[in-house]
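This report concerns only the one structure given below.
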Amino acid sequence: MDSLEFVYHARTSRVIFGDGSLNHLEREILALNAERALVICSTEQADTGREIAKRLGQRCAGLFARAVMHVPVELAREALAAARELKADCAVVVGGGSAIGLGKAIALESEFPILAIPTTYSGSEMTPIFGITEAALKRTGTDVRVLPKTVIYDPSLSTTLPVGLSVTSGMNAIAHAAEGLYARDRNPVTSLMAEEGIRAMAEALPGIVANPSGIEARSKALYGSWLCGTVLGNVGMALHHKLCHTLGGSFDLPHAQTHTVVLPHALAYNRNAAPQAMERIARALNANDAAVGMHEFAKRIGAPLSLKELGMRHEDLERAADIAASNPYWNPQPIDREKIRALLQDAFDGVQPRTWNA
Ligand code: NAD
(Lines give C-alpha, C1' and ligand atoms only; values in the text may rest on other atoms or scores of the structure.)
Protein backbone atom coordinates (compact mmCIF):
# COMPACT_ATOMS: atom_id res chain seq x y z
CA MET A 1 0.00 0.00 0.00
CA ASP A 2 1.06 3.63 -0.55
CA SER A 3 2.14 5.83 2.32
CA LEU A 4 -0.50 6.22 5.00
CA GLU A 5 0.03 9.93 5.28
CA PHE A 6 -2.54 11.76 3.19
CA VAL A 7 -5.22 14.42 2.99
CA TYR A 8 -8.63 13.26 1.81
CA HIS A 9 -10.89 16.12 0.76
CA ALA A 10 -13.77 14.73 -1.27
CA ARG A 11 -15.45 17.06 -3.71
CA THR A 12 -18.83 15.59 -4.23
CA SER A 13 -21.70 15.88 -6.64
CA ARG A 14 -24.94 13.97 -6.55
CA VAL A 15 -24.61 11.11 -9.05
CA ILE A 16 -27.55 9.23 -10.56
CA PHE A 17 -26.31 6.25 -12.53
CA GLY A 18 -28.04 3.67 -14.67
CA ASP A 19 -29.81 2.77 -17.88
CA GLY A 20 -33.02 4.84 -17.80
CA SER A 21 -31.76 7.24 -15.11
CA LEU A 22 -32.84 10.13 -17.38
CA ASN A 23 -36.36 9.35 -16.18
CA HIS A 24 -35.38 11.08 -12.94
CA LEU A 25 -34.55 14.36 -14.62
CA GLU A 26 -37.51 16.34 -13.30
CA ARG A 27 -37.06 14.99 -9.78
CA GLU A 28 -33.41 16.02 -9.89
CA ILE A 29 -34.22 19.54 -11.06
CA LEU A 30 -36.64 19.97 -8.19
CA ALA A 31 -33.99 18.60 -5.81
CA LEU A 32 -31.79 21.52 -6.87
CA ASN A 33 -34.58 23.87 -5.73
CA ALA A 34 -34.97 24.83 -9.37
CA GLU A 35 -38.00 24.83 -11.62
CA ARG A 36 -37.01 25.76 -15.18
CA ALA A 37 -33.91 24.64 -17.03
CA LEU A 38 -32.06 26.01 -20.02
CA VAL A 39 -30.91 22.94 -21.96
CA ILE A 40 -27.40 23.29 -23.40
CA CYS A 41 -25.70 21.08 -26.01
CA SER A 42 -23.51 21.30 -29.11
CA THR A 43 -24.98 21.90 -32.58
CA GLU A 44 -24.07 18.33 -33.55
CA GLN A 45 -26.10 17.03 -30.63
CA ALA A 46 -29.12 19.29 -31.16
CA ASP A 47 -31.37 16.22 -31.54
CA THR A 48 -30.33 14.97 -28.13
CA GLY A 49 -30.86 18.47 -26.72
CA ARG A 50 -34.38 18.55 -28.20
CA GLU A 51 -35.11 15.13 -26.73
CA ILE A 52 -34.09 16.36 -23.26
CA ALA A 53 -36.15 19.54 -23.75
CA LYS A 54 -39.16 17.45 -24.70
CA ARG A 55 -38.72 15.23 -21.70
CA LEU A 56 -38.63 18.32 -19.49
CA GLY A 57 -41.88 19.69 -20.90
CA GLN A 58 -42.90 22.78 -18.94
CA ARG A 59 -39.70 22.55 -16.90
CA CYS A 60 -37.74 23.52 -20.04
CA ALA A 61 -37.10 27.25 -20.38
CA GLY A 62 -35.39 26.87 -23.78
CA LEU A 63 -32.64 25.17 -25.78
CA PHE A 64 -29.18 26.60 -26.44
CA ALA A 65 -27.66 24.21 -29.00
CA ARG A 66 -24.46 26.07 -29.80
CA ALA A 67 -21.68 24.70 -27.57
CA VAL A 68 -18.29 24.41 -29.32
CA MET A 69 -14.78 23.35 -28.36
CA HIS A 70 -12.63 25.56 -26.11
CA VAL A 71 -15.55 27.60 -24.66
CA PRO A 72 -15.29 31.09 -26.25
CA VAL A 73 -16.10 33.67 -23.56
CA GLU A 74 -18.59 35.46 -25.84
CA LEU A 75 -20.61 32.25 -26.19
CA ALA A 76 -20.67 31.75 -22.42
CA ARG A 77 -22.00 35.31 -22.01
CA GLU A 78 -24.65 34.72 -24.68
CA ALA A 79 -25.77 31.49 -23.04
CA LEU A 80 -26.00 33.19 -19.66
CA ALA A 81 -27.98 36.09 -21.13
CA ALA A 82 -30.34 33.61 -22.80
CA ALA A 83 -30.83 31.77 -19.50
CA ARG A 84 -31.74 35.04 -17.75
CA GLU A 85 -34.02 36.24 -20.53
CA LEU A 86 -35.85 32.91 -20.60
CA LYS A 87 -36.21 33.05 -16.81
CA ALA A 88 -34.36 29.78 -16.31
CA ASP A 89 -33.11 29.02 -12.82
CA CYS A 90 -30.76 26.15 -13.69
CA ALA A 91 -28.94 24.67 -16.69
CA VAL A 92 -29.09 21.09 -17.93
CA VAL A 93 -26.00 20.39 -20.00
CA VAL A 94 -25.94 17.33 -22.21
CA GLY A 95 -22.89 16.26 -24.21
CA GLY A 96 -19.13 15.85 -23.99
CA GLY A 97 -16.42 17.95 -22.40
CA SER A 98 -17.07 20.88 -24.75
CA ALA A 99 -20.75 21.28 -23.78
CA ILE A 100 -20.00 20.67 -20.11
CA GLY A 101 -17.24 23.29 -20.38
CA LEU A 102 -19.82 25.85 -21.48
CA GLY A 103 -21.99 24.92 -18.50
CA LYS A 104 -19.01 25.43 -16.21
CA ALA A 105 -18.31 28.87 -17.68
CA ILE A 106 -21.91 29.83 -16.92
CA ALA A 107 -21.63 28.53 -13.35
CA LEU A 108 -18.48 30.58 -12.86
CA GLU A 109 -20.28 33.82 -13.69
CA SER A 110 -23.68 33.17 -12.15
CA GLU A 111 -25.74 31.52 -9.49
CA PHE A 112 -27.16 28.89 -11.86
CA PRO A 113 -26.80 25.30 -10.62
CA ILE A 114 -25.62 22.92 -13.37
CA LEU A 115 -27.00 19.44 -13.92
CA ALA A 116 -24.73 17.53 -16.32
CA ILE A 117 -25.63 14.58 -18.52
CA PRO A 118 -22.33 13.36 -20.02
CA THR A 119 -22.38 11.52 -23.32
CA THR A 120 -18.61 10.97 -23.69
CA TYR A 121 -16.00 9.66 -21.26
CA SER A 122 -14.03 12.91 -20.79
CA GLY A 123 -14.87 13.07 -17.06
CA SER A 124 -15.12 16.86 -17.07
CA GLU A 125 -18.43 16.69 -15.18
CA MET A 126 -16.60 15.45 -12.05
CA THR A 127 -13.95 18.17 -11.91
CA PRO A 128 -13.79 21.78 -10.70
CA ILE A 129 -11.45 22.56 -13.62
CA PHE A 130 -12.63 25.03 -16.26
CA GLY A 131 -11.22 26.47 -19.48
CA ILE A 132 -12.40 29.64 -21.22
CA THR A 133 -11.02 31.15 -24.43
CA GLU A 134 -10.75 34.93 -24.60
CA ALA A 135 -8.94 36.83 -27.37
CA ALA A 136 -7.59 33.53 -28.76
CA LEU A 137 -6.06 32.55 -25.40
CA LYS A 138 -7.40 29.62 -23.37
CA ARG A 139 -7.37 30.35 -19.64
CA THR A 140 -7.76 27.37 -17.34
CA GLY A 141 -8.46 27.41 -13.65
CA THR A 142 -9.98 25.54 -10.75
CA ASP A 143 -13.03 26.78 -8.92
CA VAL A 144 -15.37 24.60 -6.93
CA ARG A 145 -18.35 26.67 -8.16
CA VAL A 146 -18.08 25.12 -11.63
CA LEU A 147 -18.50 21.55 -10.40
CA PRO A 148 -21.95 20.38 -11.57
CA LYS A 149 -24.28 19.91 -8.59
CA THR A 150 -25.87 16.80 -10.09
CA VAL A 151 -24.69 14.35 -12.73
CA ILE A 152 -26.98 11.88 -14.48
CA TYR A 153 -25.12 9.03 -16.17
CA ASP A 154 -27.44 7.23 -18.56
CA PRO A 155 -25.56 4.86 -20.88
CA SER A 156 -28.32 4.87 -23.48
CA LEU A 157 -27.23 8.39 -24.51
CA SER A 158 -23.68 7.25 -25.28
CA THR A 159 -24.64 4.49 -27.73
CA THR A 160 -24.53 7.03 -30.57
CA LEU A 161 -20.93 8.05 -29.81
CA PRO A 162 -19.00 6.76 -32.85
CA VAL A 163 -16.62 3.87 -32.12
CA GLY A 164 -13.51 5.93 -32.93
CA LEU A 165 -14.51 8.68 -30.51
CA SER A 166 -15.59 6.14 -27.88
CA VAL A 167 -12.17 4.51 -27.99
CA THR A 168 -10.19 7.76 -27.70
CA SER A 169 -12.55 9.25 -25.13
CA GLY A 170 -12.15 6.08 -23.07
CA MET A 171 -8.36 6.35 -23.33
CA ASN A 172 -8.65 9.99 -22.24
CA ALA A 173 -10.44 8.75 -19.10
CA ILE A 174 -7.78 6.09 -18.48
CA ALA A 175 -5.11 8.80 -18.69
CA HIS A 176 -6.72 10.70 -15.78
CA ALA A 177 -6.66 7.59 -13.61
CA ALA A 178 -3.15 6.53 -14.66
CA GLU A 179 -1.65 9.89 -13.69
CA GLY A 180 -3.80 9.90 -10.55
CA LEU A 181 -2.03 6.75 -9.40
CA TYR A 182 1.31 8.56 -9.16
CA ALA A 183 -0.02 12.00 -8.19
CA ARG A 184 1.79 13.55 -5.25
CA ASP A 185 -1.52 14.30 -3.53
CA ARG A 186 -3.10 10.88 -4.16
CA ASN A 187 -4.76 9.05 -1.32
CA PRO A 188 -5.89 5.42 -0.88
CA VAL A 189 -9.45 6.19 -1.98
CA THR A 190 -8.53 7.98 -5.23
CA SER A 191 -6.08 5.16 -5.98
CA LEU A 192 -8.81 2.56 -5.53
CA MET A 193 -11.05 4.54 -7.85
CA ALA A 194 -8.24 4.94 -10.38
CA GLU A 195 -7.38 1.26 -10.59
CA GLU A 196 -11.02 0.23 -10.77
CA GLY A 197 -11.68 2.97 -13.36
CA ILE A 198 -8.90 1.69 -15.63
CA ARG A 199 -10.07 -1.90 -15.19
CA ALA A 200 -13.69 -1.02 -16.04
CA MET A 201 -12.68 0.99 -19.09
CA ALA A 202 -10.24 -1.69 -20.30
CA GLU A 203 -13.04 -4.25 -20.10
CA ALA A 204 -15.62 -1.96 -21.70
CA LEU A 205 -13.82 -0.61 -24.78
CA PRO A 206 -13.30 -3.92 -26.63
CA GLY A 207 -17.00 -4.61 -25.98
CA ILE A 208 -17.96 -1.25 -27.53
CA VAL A 209 -15.77 -1.92 -30.56
CA ALA A 210 -17.51 -5.28 -31.03
CA ASN A 211 -21.02 -3.95 -30.42
CA PRO A 212 -21.33 -0.13 -30.22
CA SER A 213 -24.99 -0.17 -29.22
CA GLY A 214 -24.64 -2.76 -26.45
CA ILE A 215 -25.79 -1.24 -23.16
CA GLU A 216 -23.65 -3.45 -20.95
CA ALA A 217 -20.32 -2.25 -22.35
CA ARG A 218 -21.60 1.35 -22.56
CA SER A 219 -22.65 1.19 -18.93
CA LYS A 220 -19.27 -0.16 -17.84
CA ALA A 221 -17.45 2.55 -19.82
CA LEU A 222 -19.56 5.28 -18.24
CA TYR A 223 -18.89 3.79 -14.80
CA GLY A 224 -15.17 3.83 -15.61
CA SER A 225 -15.33 7.42 -16.82
CA TRP A 226 -17.09 8.49 -13.61
CA LEU A 227 -14.30 6.92 -11.53
CA CYS A 228 -11.50 8.29 -13.73
CA GLY A 229 -13.12 11.77 -13.82
CA THR A 230 -13.43 11.77 -10.04
CA VAL A 231 -9.71 11.04 -9.77
CA LEU A 232 -8.96 13.95 -12.14
CA GLY A 233 -11.16 16.20 -10.00
CA ASN A 234 -9.40 15.31 -6.76
CA VAL A 235 -5.68 14.98 -7.41
CA GLY A 236 -3.03 16.75 -9.49
CA MET A 237 -1.88 15.62 -12.92
CA ALA A 238 1.69 15.55 -14.30
CA LEU A 239 3.76 15.07 -17.48
CA HIS A 240 1.12 13.33 -19.58
CA HIS A 241 -1.52 16.03 -19.11
CA LYS A 242 1.06 18.79 -19.55
CA LEU A 243 2.19 17.28 -22.87
CA CYS A 244 -1.38 16.91 -24.13
CA HIS A 245 -2.20 20.46 -23.07
CA THR A 246 0.84 21.67 -25.03
CA LEU A 247 0.01 19.64 -28.13
CA GLY A 248 -3.65 20.65 -28.07
CA GLY A 249 -3.11 24.30 -27.18
CA SER A 250 -0.11 25.16 -29.37
CA PHE A 251 -0.51 22.72 -32.27
CA ASP A 252 -4.28 22.33 -32.39
CA LEU A 253 -4.27 18.55 -32.07
CA PRO A 254 -7.58 16.90 -31.12
CA HIS A 255 -8.06 16.40 -27.38
CA ALA A 256 -8.98 12.75 -26.77
CA GLN A 257 -6.91 11.40 -29.69
CA THR A 258 -3.80 13.18 -28.40
CA HIS A 259 -4.29 11.68 -24.93
CA THR A 260 -4.59 8.27 -26.55
CA VAL A 261 -1.34 8.54 -28.49
CA VAL A 262 0.79 10.11 -25.74
CA LEU A 263 -0.24 7.97 -22.76
CA PRO A 264 1.93 4.84 -23.31
CA HIS A 265 5.01 7.03 -23.82
CA ALA A 266 4.35 9.21 -20.76
CA LEU A 267 3.99 6.02 -18.70
CA ALA A 268 7.29 4.69 -20.07
CA TYR A 269 8.96 7.99 -19.09
CA ASN A 270 7.67 7.63 -15.51
CA ARG A 271 8.09 3.84 -15.29
CA ASN A 272 11.19 3.78 -13.06
CA ALA A 273 10.08 6.62 -10.80
CA ALA A 274 6.59 5.32 -10.00
CA PRO A 275 6.82 1.51 -9.74
CA GLN A 276 3.77 1.04 -7.49
CA ALA A 277 1.53 3.04 -9.81
CA MET A 278 2.84 1.09 -12.81
CA GLU A 279 2.08 -2.18 -11.04
CA ARG A 280 -1.53 -1.11 -10.45
CA ILE A 281 -2.00 0.14 -14.03
CA ALA A 282 -0.55 -3.11 -15.41
CA ARG A 283 -2.80 -5.14 -13.09
CA ALA A 284 -5.88 -3.22 -14.25
CA LEU A 285 -4.93 -3.89 -17.88
CA ASN A 286 -4.05 -7.51 -17.16
CA ALA A 287 -0.59 -6.82 -18.62
CA ASN A 288 3.01 -7.30 -17.49
CA ASP A 289 4.08 -3.70 -18.05
CA ALA A 290 1.90 -0.58 -17.81
CA ALA A 291 3.41 1.33 -20.76
CA VAL A 292 3.74 -1.58 -23.17
CA GLY A 293 0.37 -2.95 -22.02
CA MET A 294 -1.26 0.43 -22.74
CA HIS A 295 0.30 0.52 -26.23
CA GLU A 296 -0.86 -3.03 -26.97
CA PHE A 297 -4.34 -2.27 -25.64
CA ALA A 298 -4.62 0.83 -27.84
CA LYS A 299 -3.54 -1.22 -30.84
CA ARG A 300 -6.05 -3.96 -30.05
CA ILE A 301 -9.01 -1.56 -29.95
CA GLY A 302 -7.98 0.23 -33.15
CA ALA A 303 -6.98 3.52 -31.51
CA PRO A 304 -4.63 5.98 -33.26
CA LEU A 305 -1.02 5.31 -32.25
CA SER A 306 0.98 8.18 -33.71
CA LEU A 307 0.97 11.99 -33.57
CA LYS A 308 1.78 11.85 -37.27
CA GLU A 309 -1.64 10.42 -38.08
CA LEU A 310 -3.27 13.17 -35.97
CA GLY A 311 -1.72 15.81 -38.24
CA MET A 312 1.32 16.83 -36.15
CA ARG A 313 4.21 18.16 -38.26
CA HIS A 314 7.66 16.71 -37.66
CA GLU A 315 9.24 20.16 -37.69
CA ASP A 316 7.08 21.17 -34.70
CA LEU A 317 8.51 18.51 -32.36
CA GLU A 318 11.44 20.72 -31.24
CA ARG A 319 9.13 23.58 -30.28
CA ALA A 320 6.74 21.19 -28.55
CA ALA A 321 9.63 19.84 -26.46
CA ASP A 322 10.70 23.39 -25.58
CA ILE A 323 7.21 24.33 -24.43
CA ALA A 324 6.64 21.11 -22.50
CA ALA A 325 9.98 21.46 -20.70
CA SER A 326 9.50 25.13 -19.81
CA ASN A 327 7.77 26.31 -16.62
CA PRO A 328 8.90 23.30 -14.59
CA TYR A 329 6.15 21.34 -12.86
CA TRP A 330 6.14 18.30 -10.64
CA ASN A 331 6.45 14.85 -12.21
CA PRO A 332 7.65 11.61 -10.61
CA GLN A 333 10.57 11.53 -13.06
CA PRO A 334 12.31 14.92 -13.33
CA ILE A 335 11.59 16.79 -16.57
CA ASP A 336 14.53 16.60 -18.99
CA ARG A 337 14.17 18.48 -22.25
CA GLU A 338 16.13 15.97 -24.37
CA LYS A 339 14.22 13.02 -22.98
CA ILE A 340 10.93 14.81 -23.63
CA ARG A 341 12.06 15.36 -27.21
CA ALA A 342 12.77 11.61 -27.54
CA LEU A 343 9.39 10.76 -26.00
CA LEU A 344 7.68 13.04 -28.52
CA GLN A 345 9.56 11.33 -31.35
CA ASP A 346 8.29 7.93 -30.18
CA ALA A 347 4.74 9.30 -29.97
CA PHE A 348 5.11 10.91 -33.39
CA ASP A 349 6.19 7.60 -34.93
CA GLY A 350 3.72 5.50 -32.94
CA VAL A 351 6.34 2.93 -31.96
CA GLN A 352 6.28 0.71 -28.87
CA PRO A 353 7.21 2.79 -25.79
CA ARG A 354 10.91 2.55 -25.01
CA THR A 355 12.73 1.32 -21.92
CA TRP A 356 14.62 4.15 -20.22
CA ASN A 357 17.64 3.54 -18.05
CA ALA A 358 16.90 4.07 -14.37
P1 NAD B 1 -16.43 17.00 -27.25
O2 NAD B 1 -17.32 17.39 -26.15
O3 NAD B 1 -15.76 18.08 -28.02
O4 NAD B 1 -17.25 16.05 -28.23
C5 NAD B 1 -16.67 15.58 -29.43
C6 NAD B 1 -17.76 15.44 -30.51
O7 NAD B 1 -18.59 14.33 -30.18
C8 NAD B 1 -18.68 16.64 -30.59
O9 NAD B 1 -18.94 16.91 -31.94
C10 NAD B 1 -19.95 16.18 -29.88
O11 NAD B 1 -21.09 16.84 -30.33
C12 NAD B 1 -19.96 14.71 -30.23
N13 NAD B 1 -20.65 13.84 -29.28
C14 NAD B 1 -20.55 13.82 -27.95
N15 NAD B 1 -21.29 12.85 -27.43
C16 NAD B 1 -21.90 12.21 -28.47
C17 NAD B 1 -22.78 11.10 -28.57
N18 NAD B 1 -23.18 10.43 -27.50
N19 NAD B 1 -23.18 10.73 -29.79
C20 NAD B 1 -22.74 11.38 -30.90
N21 NAD B 1 -21.90 12.42 -30.87
C22 NAD B 1 -21.49 12.83 -29.67
O23 NAD B 1 -15.27 15.99 -26.78
P24 NAD B 1 -14.77 15.51 -25.33
O25 NAD B 1 -13.58 14.68 -25.60
O26 NAD B 1 -15.88 14.94 -24.54
O27 NAD B 1 -14.35 16.84 -24.61
C28 NAD B 1 -13.17 17.52 -24.97
C29 NAD B 1 -13.13 18.88 -24.31
O30 NAD B 1 -13.38 18.75 -22.92
C31 NAD B 1 -11.77 19.53 -24.44
O32 NAD B 1 -11.93 20.91 -24.70
C33 NAD B 1 -11.13 19.33 -23.08
O34 NAD B 1 -10.20 20.34 -22.77
C35 NAD B 1 -12.33 19.35 -22.18
N36 NAD B 1 -12.13 18.55 -20.94
C37 NAD B 1 -12.19 19.22 -19.78
C38 NAD B 1 -11.99 18.53 -18.59
C39 NAD B 1 -12.09 19.26 -17.30
O40 NAD B 1 -11.96 18.67 -16.25
N41 NAD B 1 -12.34 20.56 -17.32
C42 NAD B 1 -11.76 17.15 -18.60
C43 NAD B 1 -11.71 16.49 -19.83
C44 NAD B 1 -11.90 17.20 -21.02
Side-chain angles (χ1 to χ4, degrees), residues 11 13 22 40-49 51-52 65-72 75-76 93-105 107-108 114 116-133 138-148 151-177 179-180 197 208 212-213 215 218-219 221-222 225-226 228-237 240-242 244-249 252-260 303 310:
R11 294 195 184 92
S13 331
L22 262 184
I40 295 176
C41 63
S42 67
T43 321
E44 297 92 339
Q45 286 187 280
D47 284 349
T48 310
E51 189 193 315
I52 300 288
R66 289 172 47 205
V68 291
M69 270 202 320
H70 305 313
V71 193
L75 196 66
V93 185
V94 59
S98 297
I100 292 168
L102 179 57
K104 287 177 162 183
L108 193 63
I114 306 293
I117 309 174
T119 63
T120 71
Y121 309 129
S122 80
S124 176
E125 68 283 355
M126 297 311 297
T127 86
I129 307 161
F130 64 89
I132 299 176
T133 304
K138 189 162 179 178
R139 171 172 67 97
T140 55
T142 299
D143 191 314
V144 78
R145 283 176 302 169
V146 308
L147 190 67
V151 180
I152 297 183
Y153 286 105
D154 190 329
S156 67
L157 283 181
S158 55
T159 54
T160 50
L161 190 64
V163 169
L165 264 178
S166 302
V167 159
T168 53
S169 191
M171 290 293 288
N172 183 197
I174 288 178
H176 306 326
E179 287 229 293
I208 291 174
S213 56
I215 281 295
R218 289 292 184 180
S219 183
L222 213 49
S225 83
W226 167 55
C228 296
T230 304
V231 173
L232 174 67
N234 282 280
V235 303
M237 297 288 115
H240 170 79
H241 280 72
K242 169 80 173 177
C244 294
H245 189 76
T246 301
L247 294 169
D252 213 23
L253 294 193
H255 180 82
Q257 292 89 326
T258 304
H259 273 269
T260 305
L310 302 186

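Keep in mind that this is a model prediction, so the values were computed, not measured. Whatever order the structure lists them in is the order used to number ligands and atoms, beginning at 1. Just the heavy atoms: all of them, side chains too, but no hydrogens, waters or symmetry mates, feed the values below.
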Ligand 1-proximal atoms of S42, by part, heavy-atom distance under 4.0 Å: side chain
Mode of E125 contact toward ligand 1 - side chain, backbone, both, neither (heavy atoms, under 4.0 Å): neither
[atom] - nearest protein heavy atom and its distance:
atom: atom 5 (C) of ligand 1; result: L165 CD1, 4.3 Å
atom: atom 14 (C) of ligand 1; result: Q45 OE1, 3.2 Å
atom: atom 41 (N) of ligand 1; result: I129 O, 2.9 Å
atom: atom 1 (P) of ligand 1; result: S98 OG, 3.5 Å
atom: atom 40 (O) of ligand 1; result: T127 OG1, 2.6 Å
atom: atom 43 (C) of ligand 1; result: S122 O, 3.4 Å

Any protein heavy atom nearer than 4.0 Å to atom 8 (C) of ligand 1: no
Proximity flag K104 to ligand 1, non-hydrogen atoms under 4.0 Å: yes
Sub-4.0 Å heavy-atom contact, R218 with ligand 1: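 R218: no contact with ligand 1 (<4.0 Å).
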Side-chain donor/acceptor of S42 to backbone N/O of Q45, under 3.5 Å: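 Yes, the answer is positive, given that a donor and an acceptor are paired below the 3.5 Å cut-off.
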Note, H70 side chain near S98 side chain (heavy atom, < 4.5 Å):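 Result no, sub-4.5 Å side-chain heavy-atom pair not found.
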Quick one: which of [options] has a heavy atom closest to [atom]?
atom: atom 19 (N) of ligand 1; options: T119, N172, T160; value: T160
atom: atom 28 (C) of ligand 1; options: H259, H70, Q257, H255; value: H255
atom: atom 30 (O) of ligand 1; options: G97, G101, C41; value: G97

Between H255 and H259, ring centroids under 6.0 Å: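 Between H255 and H259, the centre distance is under 6.0 Å.
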Taking every non-hydrogen atom, the tightest pair across V231 and G180: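 Smallest heavy-atom distance, with atoms named: CG1-CA, 3.7 Å.
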